[in-house]
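Here is the structure we will look at, set down as structure tokens.
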Amino acid sequence: MRRYPFLLQTRDLDLSGLTLQLGRSTPLGVIGAVPPATAWLLLPLDGAESLLLRGRGAAPCGIAAFGDGAEFELANRSDASWGLIALPAAEIGPAFSPPRFWPMRHAGAAAWWRAKPGAWMRAAALMQDAAEVMAQDPDVFEVEEARRSLRASVLDAGRDLLGDRLKEARYRPPGAAMPSLRRIVRAVDDYLVAHSTQGLDPVQVSMGLGVAETQLRAAFLTILGISATRYLMVRRLLLVRAALRAADSDGETVERTAATHGFWSLRRLERAYRALFGETPAECRNRSRNAARPGPSGGD
């Protein structure tokens, strides 16, 4: 993850049980899981060559399929954009008619696929056109017929990528040979949540988890494409940001919040915070307070 202001923008559109998400971000690492009873189809757009899923990169014309509840570690090492189709897992068969072995049909599964170039380019063009309309004229999708038409186009694109072409697509199971490294990354994230008020470094975390420091560092470089030191710093900065924006923290000063999360130097915190978020902790805090204050009431 590069050191400049962080950006994450997503737009979700509900299309009668199918959700289309269009997003873009600066370098980002995500540890998460697909919601229960839901399946995802992810189409990387710009920056696809920098994307890692469970430690494996995307092939040209690659798409990622996620089954119900699949755990994942996802990272993009440069600016990236994507389209994501989310729909109930029970509707995968009727929507795309994939074979039984296809990952979206199986709880916990996730895999890269290489689609045919023509199908991938048509799907990417559809996603980019939808993103442009959602950004410039979102009211279009207040019209039911427009939503119905887009839904049909999204399903057609999915079938084009995965239906008749599936036999020619190439299956690439991500992370099959590195489950231990994935477990380390997830264990570190859980450990940080449980010890959020401590300024931890890789040595302390590795000791707390009982794993070798070299293995911990290798896990982050392999799975998320960033160093463990950088990950720990970004994670702490995100915790500080959440605390500063919390509605119930009016009595907390920036200095106290910083110290609570292990930042002993306010100057160092401000420098790192501005580099990641484009503002100082104080500016973030003031903006959140102003947004929370009720506006002036009108009178007769």
Side-chain angles (χ1 to χ4, degrees), residues 1-12 21-32 44-47 50-52 73-82 84 131-132 134-136 138 185 188-202 204-205 220 224-296:
M1 298 182 187
R2 295 200 299 270
R3 295 177 182 271
Y4 59 65
F6 173 72
L7 171 71
L8 172 63
Q9 292 183 341
T10 60
R11 294 184 174 90
D12 291 0
Q21 180 188 94
L22 299 161
R24 64 189 183 97
S25 78
T26 52
L28 172 71
V30 179
I31 300 173
L45 301 173
D46 297 327
S50 77
L51 196 66
L52 288 175
E73 303 81 36
L74 193 65
N76 55 290
R77 295 160 290 174
S78 64
D79 294 355
S81 63
W82 64 88
L84 175 71
E132 181 178 344
M134 290 173 70
Q136 297 180 3
V185 169
V188 169
D189 197 64
D190 291 341
Y191 191 82
L192 291 178
V193 172
H195 300 82
S196 61
T197 62
Q198 299 178 26
L200 299 169
D201 61 29
Q204 293 169 312
V205 175
F220 278 89
L224 293 180
I226 62 171
S227 70
T229 300
R230 178 63 177 156
Y231 179 84
L232 294 175
M233 172 60 76
V234 171
R235 195 72 169 81
R236 287 168 60 205
L237 289 170
L238 288 169
L239 290 170
V240 169
R241 187 169 181 81
L244 292 172
R245 298 171 70 178
D248 59 351
S249 62
D250 285 344
E252 291 287 316
T253 63
V254 171
E255 292 81 358
R256 183 174 177 81
T257 300
T260 298
H261 290 83
F263 288 97
W264 53 270
S265 169
L266 190 59
R267 181 183 300 177
R268 287 173 177 265
L269 170 63
E270 288 178 346
R271 188 184 305 133
Y273 197 96
R274 182 186 288 277
L276 187 61
F277 301 115
E279 62 181 356
T280 66
E283 290 168 344
C284 172
R285 178 61 183 278
N286 292 337
R287 181 167 50 79
S288 298
R289 282 180 172 175
N290 292 336
R293 290 194 182 104

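For R24, the side-chain hydrogen bond (donor to acceptor under 3.5 Å, both in side chains) criterion is met by Q9, not counting sequence neighbours. Looking at residues two or more places apart in sequence or on another chain, you find a salt bridge (Lys or Arg N to Asp or Glu O under 4.0 Å) between D189 and R235. Checked against side-chain hydrogen bond (donor to acceptor under 3.5 Å, both in side chains), E255 has no partners two or more places apart in sequence or in another chain. Legend: residues meeting side-chain contact (heavy atoms from CB on, under 4.5 Å) with S50, ordered by chain and number and at least two apart, are N76, R77, S78. By the side-chain hydrogen bond (donor to acceptor under 3.5 Å, both in side chains) test, T229 pairs with R217, sequence neighbours left out. With sequence neighbours excluded, no residue satisfies salt bridge (Lys or Arg N to Asp or Glu O under 4.0 Å) with E132.
The distance from the CZ atom of R274 to the CD atom of E279 is 8.5 Å, given to the nearest 0.5 Å. A distance of 8.5 Å separates CE in M233 from CG in L269, rounded to the nearest 0.5 Å. Atom CG in L239 sits 11.5 Å away from atom OG1 in T257 (nearest 0.5 Å). Atom CG in L45 sits 10.5 Å away from atom CG in L51 (nearest 0.5 Å). Atom CG of L74 is separated from atom CG of L28 by 7.5 Å, given to the nearest 0.5 angstrom. L238 CG to Y273 OH: the interatomic distance, rounded to the nearest 0.5 Å, is 8.5 Å.
Residues V188 and L232 meet the side-chain proximity criterion, which asks for heavy atoms closer than 4.5 Å. Between D79 and S25, the closest side-chain pair of non-hydrogen atoms is not below 4.5 Å.
Closest heavy-atom contact between Y191 and Q204: OH-O, 4.5 Å. Considering every non-hydrogen atom in both P281 and V254, the closest pair reads CB-CG1, 3.8 Å. Closest of all the heavy-atom pairs between I31 and V185 is CD1-CG1, 3.5 Å.
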Determine, stepwise, if the pair Y231 / V205 fulfils side-chain contact (heavy atoms from CB on, under 4.5 Å).
CA-CA 12 Å; Y231 179 84; V205 175; over 6 Å; no
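Side-chain atoms of T26 come within 3.5 Å of backbone atoms of L7 as a donor-acceptor pair (strictly under, hydrogens ignored).
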